[in-house]
Amino acid sequence: MKLGWTYIEDIGQHVGRTVTVKGWLYAKRSSGKIHFLQLRDGTGVIQGVMARNDVDETTFELGGSLTQESSVEVTGPVREDSRAPSGYELTVTGLKVVQLAKDYPITPKEHGPAFLMEHRHLWLRSSKQHAILRVRDTIEQAIHGYLHSQGFIHTPAPILTPTACEGTTTLFQTDYFGEPAFLSQSGQMYIEATAAAFGKVYTFTPAFRAEKSKTRRHLTELWMMDAEASYFTHEENMQCQEEMVCAVVGKVLAECQTELKTLERDTAMLEKIRAPFHRISYKQAVELCNKAGVPIEYGEDFGAPHDTAIAGSFDRPVFVDRFPTTIKSFYMQPDPRDPSVVLGSDLYATEGYGEIIGGSERIHDLDLLLRKMEEHQVPYEPYKWYVDLRRYGSVPHAGFGIGIERTVSWICGLQHIREAIPFARMLEKIYP
RNA sequence: UCCAGCGUAGCUCAAUGGUAGAGCCCCCGGCUGUUAACCGGGUUGUUGUAGGUUCGAGCCCUACCGCUGGAGCCA
């Protein structure tokens, strides 16, 4: 597409030529007879230098009157300049004010998280937030790219659902033409159906959890990528996950160095990430926790301190698998060597960022599934379609779901998950 | 839901139970290489709300509201 102006990220191709940049004034410094205008356009930041001798009086005063975040169109020749962080500067010869902003709330000084979240619609313009969401975009592209390279097809799962996918978690309820409906908390069961149609599939879907969780790792609306593959075993499922995570980390390291630098992310841990990841059983993980001084009984699920103890023992992500049947979902395939545990795994990220992926081989035997549903008191009628998948050409299959915001938090090194999504929905918080 | 901490100017924060303060923002002036620019001057308050103790409460007590972090649960 041919546009009548130039994006800052392309400015290096225009040295010596006069260009127009359309964007916003990020910051301004002035020295009486020279204005330094920090311009941003979403693709980058460049300094525009307006000297009194280079422009007429009206333009110079207009430059001096500019306020933070005013929208502007700036024209001038591009120069290489060793003093500029990006290596380039714009000598401003023309200035058009699109809109003069008044009293922009986010000043160049410190602000608390409550104030910033209240102004999230504006905070997104700040360099750190901008960098995070660019990394997020790269992560999502890497996931799509890896899966397509492996022959996976994107088959979106629905968001409005008639029933709970996993009965345990609290769901948001809504009204569907007079009938109750629920916002989906996972697309997994639906893509088990599309996997039987296409072989290898995935869905990029928001997931909703109406839990009263209030921590730096929880959102009520989050994005998940669920993948499902017919005939995949538990081991092949884990291979797929680790290859995908390596592809994601690799793409971010290759394409987002500027953003990672803005975020002051120490990339040393990320550079170490290579397949294969460590694999330990739930039983080994319990022993590890107890040795590390974080007591836990066999049969209990891991809490935050256990996550930290487990992940902290390894310098790359670690799979924990073969959890006791009792603490996992009804559809997970029991281990044929020990039916008291399931062929399911959680993948823990490094540096204490916790679980980012959960996956398992699914039960494909009709009678076994029906028995497990009964044990877990899962009603038959709403899941009749799901049981049908075991009735008509059932095959062994496996899949996993990755939490996008937790992955973004981990790769960006964030303190809080709320910065990993443009508009975070958290416990009792829905503005803006 | 439970536990802990915090609510003072638009923002970030000070203030032994004894006159309500600073920096930033904003406005005015100065400065041709600034990098959260700098220098001089100026405006800014029902101290979250309602009670209570006290000669006197921003400070102590009670309740409520809000915010932040954590727990449980999970990705």
Side-chain angles (χ1 to χ4, degrees), chain A residues 26-38 45-55 60 63-65 67-69 79 81-86 89 91 101-119 122-123 126-128 165-166 168-170 185-188 205-226 241 300-308 327-329 346-349 353-359 400-410 415-418 420-421 426-429:
Chain A
Y26 192 65
K28 182 186 75 181
R29 287 178 283 275
S30 180
S31 266
K33 295 196 174 59
I34 186 166
H35 301 311
F36 297 99
L37 310 175
Q38 312 302 322
V45 177
I46 192 168
Q47 175 160 272
V49 183
M50 182 191 277
R52 178 161 256 166
N53 294 341
D54 297 342
V55 293
F60 190 77
S65 73
T67 50
Q68 192 187 357
E69 285 302 321
R79 283 184 290 108
D81 195 312
S82 55
R83 289 169 292 191
S86 69
E89 275 191 352
T91 302
K102 192 163 161 39
D103 297 332
Y104 187 70
I106 303 178
T107 61
K109 289 282 175 177
E110 321 143 13
H111 299 284
F115 178 84
L116 289 169
M117 284 306 285
E118 192 76 8
H119 296 84
L122 303 175
W123 190 24
S126 304
S127 60
K128 190 177 165 191
C165 275
E166 301 172 40
T168 52
T169 321
T170 322
Q185 52 181 324
S186 165
Q188 180 222 312
T205 326
F208 302 89
R209 310 277 165 95
E211 284 165 354
K212 302 265 183 189
S213 297
K214 198 186 165 176
T215 79
R216 70 176 76 182
R217 291 197 298 275
H218 286 85
L219 295 168
T220 55
E221 178 180 316
L222 56 116
W223 281 79
M224 298 251 298
M225 193 291 296
D226 284 285
Q241 293 168 45
E300 288 177 344
D301 212 344
F302 301 123
H306 307 110
D307 286 13
T308 311
I327 56 171
K328 287 292 176 181
S329 301
D346 286 348
L347 181 68
Y348 292 91
Y353 279 90
E355 185 188 343
I356 55 169
I357 298 183
F400 63 92
I402 180 168
I404 302 301
E405 288 78 17
R406 284 200 180 169
T407 305
V408 173
S409 294
W410 167 52
Q415 293 298 307
H416 200 298
I417 197 165
R418 65 186 157 211
I421 184 168
M426 292 177 299
L427 185 59
E428 286 163 10
K429 255 196 213 329

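Every chain is numbered from 1 and lettered A, B, ... according to where its sequence line falls, protein lines coming before strand lines.
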Legend entry - Whole-Å distance separating the CG atom of Asp346(A) from the C1' atom of A75(B): 9 Å

Legend entry - Partners meeting ring-ring contact (aromatic ring centres under 6.0 Å, His included) with Phe302(A) (sequence neighbours left out): Tyr282(A)

Inset, instruction - Under the ring-ring contact (aromatic ring centres under 6.0 Å, His included) rule, collect the residues that match up with His306(A), sequence neighbours excluded. - result: none

Inset, instruction - Rounded to whole angstrom, note down the P distance from U12(B) over to G48(B). - result: 14 Å

Inset, instruction - Look at Arg209(A) and G72(B) and indicate whether a side-chain polar atom (N or O) is within less than 4.0 Å of OP1 or OP2. - result: no

Legend entry - Qualifying residues under salt bridge (Lys or Arg N to Asp or Glu O under 4.0 Å), relative to Arg418(A), sequence neighbours excluded: none

Sub-3.5 Å pairs of nitrogen or oxygen atoms, protein against nucleotides 23-31 of chain B:
{"unit_1": "C31(B)", "atom_1": "N4", "unit_2": "Gly32(A)", "atom_2": "N", "d": "3.4"}

Inset, instruction - Look at the side chain of Lys212(A) and decide which nucleotide, out of U1(B), A71(B), G33(B), has an atom nearest to it. - result: U1(B)

Inset, instruction - Check whether the side chain of His111(A) and the base of C11(B) form a donor-acceptor pair under 3.5 Å. - result: no

Legend entry - Given U68(B), A75(B), G33(B), the nucleotide with the shortest approach to the side chain of Ile417(A): A75(B)

Legend entry - Closest listed nucleotide, where the reference is the side chain of Leu222(A) and the choices are C73(B), A71(B), A75(B): A75(B)

Inset, instruction - Mind checking His119(A) for me? I need base, sugar-phosphate or nothing, with any heavy atom below 4.0 Å counting as a touch. - result: nothing

Legend entry - 5' priority, RNA chain B, between Pro105(A) and Met426(A) [closest heavy atom]: Pro105(A)

Inset, instruction - With rounding to the nearest 0.5 Å, note down the distance linking CH2 in Trp123(A) to CD in Glu118(A). - result: 12.5 Å

Inset, instruction - Select base, sugar-phosphate, or nothing to describe what Ala304(A) touches, counting heavy atoms under 4.0 Å on all strands. - result: sugar-phosphate

Inset, instruction - Dot-bracket notation for RNA chain B is requested: 5' to 3', Watson-Crick or G-U wobble pairs only, both distances under 3.5 Å, with ( ), [ ], | and . as defined. - result: (((((((..((((....[..)))).(((((.......))))).....(((((..]....))))))))))))....

Legend entry - Selection from U34(B), U32(B), U12(B) that lies nearest to any side-chain heavy atom of Gln47(A): U34(B)

Legend entry - Residue Val49(A), side-chain atoms from C-beta onward, closest of G72(B), U32(B), G33(B): G33(B)

Legend entry - Euclidean distance, atom CZ of residue Phe302(A) to atom P of A71(B) [Å, nearest integer]: 16 Å

Legend entry - Pairing residues for Thr215(A) by the side chain to side chain contact (heavy atoms under 4.5 Å, CB included) criterion, not counting sequence neighbours: Arg217(A), His218(A)

Inset, instruction - Could you state the atom-to-atom distance from CG of Leu347(A) to P of C74(B) in whole Å? - result: 17 Å

Inset, instruction - Remember a base hit wins even if backbone is also touched, and classify Gly112(A) as base, sugar-phosphate or nothing at under 4.0 Å, heavy atoms. - result: sugar-phosphate

Inset, instruction - Kindly point out which of G72(B), U34(B), U32(B) is positioned nearest to the side chain of Phe36(A)? - result: U34(B)

Inset, instruction - In whole angstrom, give me the gap between the P atoms of C6(B) and U16(B). - result: 15 Å

Legend entry - Touch class at under 4.0 angstrom, heavy-atom based, for Leu219(A) against every strand present: base

Inset, instruction - Please state the C1' separation for the pair C26(B) and G10(B) - nearest whole angstrom. - result: 9 Å

Inset, instruction - For the side chain of Arg217(A), starting at C-beta, report the closest nucleotide among A71(B), G33(B), U12(B). - result: A71(B)

Inset, instruction - Return the set of residues passing ring-ring contact (aromatic ring centres under 6.0 Å, His included) with Phe60(A) (not counting sequence neighbours), or none when no residue passes. - result: His35(A)

Inset, instruction - Determine whether Ile34(A) and Val49(A) make a side-chain contact, defined as any pair of heavy atoms from C-beta on separated by less than 4.5 Å. - result: yes

Legend entry - Whole-Å distance separating the CZ atom of Phe115(A) from the C1' atom of U8(B): 17 Å

Inset, instruction - Mind checking the OG1-CD spacing from Thr205(A) to Gln185(A)? Nearest 0.5 Å is all I need. - result: 12.5 Å

Legend entry - Under the salt bridge (Lys or Arg N to Asp or Glu O under 4.0 Å) test, residues paired with Lys28(A) that sit two or more places apart: none

Inset, instruction - Classify the side chain of Glu89(A) versus the base of G33(B) as yes if they form a donor-acceptor pair under 3.5 Å and no if they do not. - result: yes

Inset, instruction - Check whether any side-chain heavy atom of Leu219(A) sits under 4.5 Å from a side-chain heavy atom of Met426(A), and report yes or no. - result: yes

Legend entry - Separation of the P atoms in G52(B) and C27(B), to the nearest angstrom: 45 Å

Inset, instruction - Considering only atom P, compute the distance from G18(B) to C3(B) and round it to an integer number of Å. - result: 33 Å

Inset, instruction - Round to the nearest Å and state the distance from Leu427(A) atom CG to G72(B) atom P. - result: 16 Å

Distances for protein N/O vs nucleotides 64-67 of chain B N/O pairs under 3.5 angstrom?
{"unit_1": "C67(B)", "atom_1": "OP1", "unit_2": "Lys429(A)", "atom_2": "NZ", "d": "3.2"}

Inset, instruction - Taking atom P in both C59(B) and A75(B), compute the distance separating them and give it to the nearest angstrom. - result: 46 Å

Legend entry - Separation of U68(B) P from Leu116(A) CG (nearest whole Å): 11 Å

Legend entry - Which residues share a side chain to side chain contact (heavy atoms under 4.5 Å, CB included) with Asp103(A), sequence neighbours left out: none

Legend entry - Where Ala101(A) and Gln68(A) come nearest, the two heavy atoms and their spacing: CB-O, 3.5 Å

Inset, instruction - Give a yes or no answer on whether the side chain of Thr67(A) reaches the backbone of Lys102(A) with a donor-acceptor pair at less than 3.5 Å. - result: no

Inset, instruction - With P as the reference atom in both, quote the distance from U34(B) to G7(B) in angstrom, rounded to an integer. - result: 40 Å

Legend entry - Length of the CD1-P vector between Ile106(A) and U12(B), whole Å: 11 Å

Legend entry - Separation between the C1' atoms of U44(B) and U8(B), rounded to whole Å: 14 Å

Legend entry - Which residues share a salt bridge (Lys or Arg N to Asp or Glu O under 4.0 Å) with Asp226(A), sequence neighbours left out: none

Legend entry - Distance, rounded to the nearest Å, where Glu221(A) contributes CD and A75(B) contributes P: 17 Å

Inset, instruction - Consider the side chain of His218(A), meaning its heavy atoms from C-beta on, and name the nucleotide among A75(B), C11(B), A71(B) that approaches it most closely. - result: A75(B)

Inset, instruction - Taking salt bridge (Lys or Arg N to Asp or Glu O under 4.0 Å) as the test, write out the residues that go with Asp81(A), two or more places apart. - result: Arg79(A), Arg83(A)

